[in-house]
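So the structure is just underneath, and the comments pick up after that.
Since the structure is predicted, the reported quantities are computational estimates derived from the model, not experimental observations.
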Amino acid sequence: PKPLVDADVLVAGAGPAGLALACALADAGLSVLLLEQQARAALDAPADDGREIALTHRSRRVMQALGLWQRLPPQAIAPLREARVLNGDSITPLCIGAADGAAEELGWLVPNHHIRAAALGAAMSRAAVQLLCDARVVALESRPTAAQVTLADGRVLRAALVVAADSRMSQTRRMAGIGAWMHDFGRSAILGRVAHARPNDAIAWECFRHGNTLALLPLNDRMASAVVTVPSDQAPIWMGLDDAAFAGRVQDQSSACLGAMQAIGPRHLYPLVGVYSHRFAAPRVALIGDAAVGMHPVTAHGWNFGLYGVEVLARELKAARQAGRDIGALAVLQAF
């Protein structure tokens with residue numbers, strides 16, 4: 001098939017990172033074609049996957065600048081004002097709060113599916129962004145003047161730059177010849193929301209117990225997201241607990257800091273694998289989001305780090321375009 005130049009940048013993956021990048025690049029004067037394996041219906045109605053995303057002040061500023069923050073349901077944004085850390089059997093926490101004179105919040109917690117919906121709405125509001133669903137990239141070739149991708153249905157697309165934003169197990173990264181260090185922690189995270197008797201006062205609890213870790217992330221309306229990290233062979237036991245037993249374990253491990261608890265809604269299971277790419281750029285290819293760095297969730301910085309990458313890559317590509325440089329040139333991408 002004859003190659004088509006459909007956009008300045010092809011972005012493989014219309015997850016939050018890819019969608020946010022599309023917004024930023026459109027605002028920088030570049031045209032973007034998003035390539036997503038899933039059907040459009042899955043993007044239009046993202047399922048609640050149980051994940052609560054912790055947002056820093058910088059991330060909020062980036063999301064506001066891109067029009068994502070304004071699209072979040074206000075009731076879904078929960079303030080995070082303090083974190084308290086318990087170690088082993090200790091009942092005396094290490095307290096982490098905003099410095100004197102600093103902003104009242106350390107950050108905010110927002111359900112992942114709301115971020116996905118907001119990112120899609122913001123991207124689709126920009127005329128310079130196109131979205132092609134049911135589009136699986138099966139080949140990638142970097143040429144002197146353009147990158148070329150082939151889709152599973154045989155279509156061939158061309159652009160000055162291809163960005164991999166297709167998860168920590170990115171196939172686009174592999175096709176670009178970029179390897180990654182992967183560490184399977186042998187542990188899994190079980191996520192489940194709980195209602196609790198006492199106010200959480202926007203305080204997150206991190207309980208590093210013997211054998212497993214428990215995080216209680218404060219939500220609105222006297223609810224919290226319980227995140228239990230266990231050796232993966234113990235995960236089926238936690239997933240098999242009935243609601244009363246799960247809430248009881250969370251209550252015990254948190255020393256009943258929030259009073260009596262009741263499980264709310266389904267639980268979700270995530271095996272933990274960390275990823276760090278050998279490089280973040282190659283000729284005509286760049287990596288962002290989990291395709292670049294897939295963090296352990298206990299850091300609470302995966303999405304934040306992904307947004308910072310979006311901000312920096314968009315800035316470098318805008319400067320290159322304004323200077324009349326090739327946005328896919330390795331020298332431009334190495335600055336990113």
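- Checking side-chain atoms of Gln253 against main-chain N and O of Leu214 turns up no donor-acceptor pair under 3.5 Å.
- Nearest heavy-atom pair, Leu30 versus Leu317, reported as atom, atom and distance to 0.1 Å: CD1-CB, 4.0 Å.
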Open item on the list: Using the rule given for side-chain contact (heavy atoms from CB on, under 4.5 Å), can you reason through Leu287 versus Val163, listing the C-alpha separation, both sets of side-chain angles and the distance that settles it, and then say yes or no?
Closed with: CA-CA 6 Å; Leu287 313 180; Val163 178; over 6 Å; no

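- At a threshold of 4.5 Å between side-chain heavy atoms, the hydrophobic network of Ile, Leu, Val, Met, Phe, Trp and Tyr places Val32 and Leu120 in one connected group.
- A donor-acceptor pair is defined here as one N or O able to donate and one able to accept, closer than 3.5 Å; such a pair exists between the side chain of Ser142 and the backbone of Pro283.
- Contact check for Glu141 versus Val149: no side-chain heavy atoms found under the 4.5 Å cut-off.
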Task: Trace of the salt bridge (charged side-chain N to carboxylate O under 4.0 Å, His left out) decision for Glu36 with Arg136 - done: CA-CA 7 Å; Glu36 171 56 44; Arg136 182 167 60 90; over 6 Å; no

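- With a 4.5 Å cut-off on side-chain heavy atoms, Trp181 and Ser277 do not count as touching.
- Dense packing is recorded around CZ of Arg209, with more than 12 heavy atoms of other residues, nucleotides or ligands lying under 6.0 Å away.
- Using a 4.5 Å heavy-atom cutoff, the side chains of Arg321 and Asp8 are in contact.
- The side-chain heavy atoms of Asp48 and Arg193, taken from C-beta on, include a pair separated by under 4.5 Å.
- No side-chain donor-acceptor contact under 3.5 Å links His301 to the backbone of Leu55.
- At distances below 3.5 Å, at least one donor-acceptor pair connects side-chain atoms of Asn200 with backbone N or O atoms of Leu219.
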Task: Intermediate values then yes/no, side-chain contact (heavy atoms from CB on, under 4.5 Å), Cys95 and Ile203 - done: CA-CA 10 Å; Cys95 299; Ile203 296 170; over 6 Å; no

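- A donor-acceptor pair under 3.5 Å links the side-chain atoms of Ser232 to the main chain of Gly186, judged by distance alone.
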TODO: Please lay out, stage by stage, how Thr172 and Asp166 fare under the test side-chain hydrogen bond (donor to acceptor under 3.5 Å, both in side chains).
DONE: CA-CA 7 Å; Thr172 309; Asp166 52 343; 2.6 Å; yes

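- Closest approach of His196 and Leu258 over heavy atoms only: CB-O, 3.4 Å.
- Val293 places none of its side-chain heavy atoms less than 4.5 Å from the side chain of Val275.
- Remark: side-chain polar atoms of Asp6 are not paired, donor with acceptor, to backbone N or O of Ala159 under 3.5 angstrom.
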Open item on the list: For a side-chain hydrogen bond (donor to acceptor under 3.5 Å, both in side chains) check, start with the C-alpha distance between Thr56 and Ser59, then their side-chain angles and the critical distance, and finish with the verdict.
Closed with: CA-CA 5 Å; Thr56 63; Ser59 288; 3.2 Å; yes

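- Salt-bridge check for Arg126 with Asp27: passed, with a basic side-chain N closer than 4.0 Å to an acidic carboxylate O.
- Residues Pro111 and Ala76 approach most closely at CD-O, 3.3 Å, considering heavy atoms.
- For the pair Arg267 and Trp238, the cation-pi test (distance below 6.0 Å, angle within 45°) is failed.
- Residues Pro297 and Thr299 form no side-chain contact, since every pair of their non-hydrogen atoms from C-beta on lies 4.5 Å or further apart.
- By the criterion of side-chain heavy atoms lying less than 4.5 angstrom apart, applied directly or through intervening Ile, Leu, Val, Met, Phe, Trp or Tyr residues, Tyr270 is not grouped with Leu241; the two fall into different hydrophobic clusters.
- When hydrophobic clusters are built by joining Ile, Leu, Val, Met, Phe, Trp and Tyr residues whose side-chain heavy atoms come closer than 4.5 Å, directly or via intermediates, Ile288 is not grouped with Leu35.
- One hydrophobic cluster, built from ILVMFWY side chains closer than 4.5 Å, holds both Leu131 and Val129.
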Task: Verdict with reasoning, Leu10 to Leu161, per side-chain contact (heavy atoms from CB on, under 4.5 Å) - done: CA-CA 6 Å; Leu10 297 175; Leu161 175 66; over 6 Å; no

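- Side-chain atoms of Ser90 come within 3.5 Å of backbone atoms of Thr92 as a donor-acceptor pair (strictly under, hydrogens ignored).
- Checked by atom type and distance alone, the side chain of Asp242 pairs as donor or acceptor with a backbone atom of Ala244 at under 3.5 Å.
- Under the 4.5 Å side-chain contact rule for hydrophobic residues, Phe305 and Leu333 share a cluster.
- Counting only heavy atoms from C-beta outward, the side chains of Leu132 and Leu34 never approach each other to under 4.5 Å.
- Pro16 and Arg116 make their closest contact through CD-NH1, 3.5 Å (heavy atoms, listed as atom of the first residue, atom of the second, distance).
- Between Ala24 and Ala314 the shortest heavy-atom distance is CB-CB, 3.6 Å.
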TODO: Walk me through it: do Arg71 and Ser125 pass the test side-chain contact (heavy atoms from CB on, under 4.5 Å)?
DONE: CA-CA 12 Å; Arg71 292 174 178 269; Ser125 73; 3.6 Å; yes

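- Two residues are said to be in side-chain contact when any heavy atoms from C-beta on lie closer than 4.5 Å; Trp108 and Trp69 meet this criterion.
- Screening residues 73-90 for salt bridge (Lys or Arg N to Asp or Glu O under 4.0 Å) gives Arg81-Glu104, Glu82-Arg84 as the qualifying pairs, with residues at least two apart or on separate chains.
- Classification of Arg284 and Asp326 as a salt-bridged pair holds, one side-chain N sitting under 4.0 Å from a carboxylate O.
- Considering every non-hydrogen atom in both Phe246 and Ala263, the closest pair reads CD2-CB, 4.3 Å.
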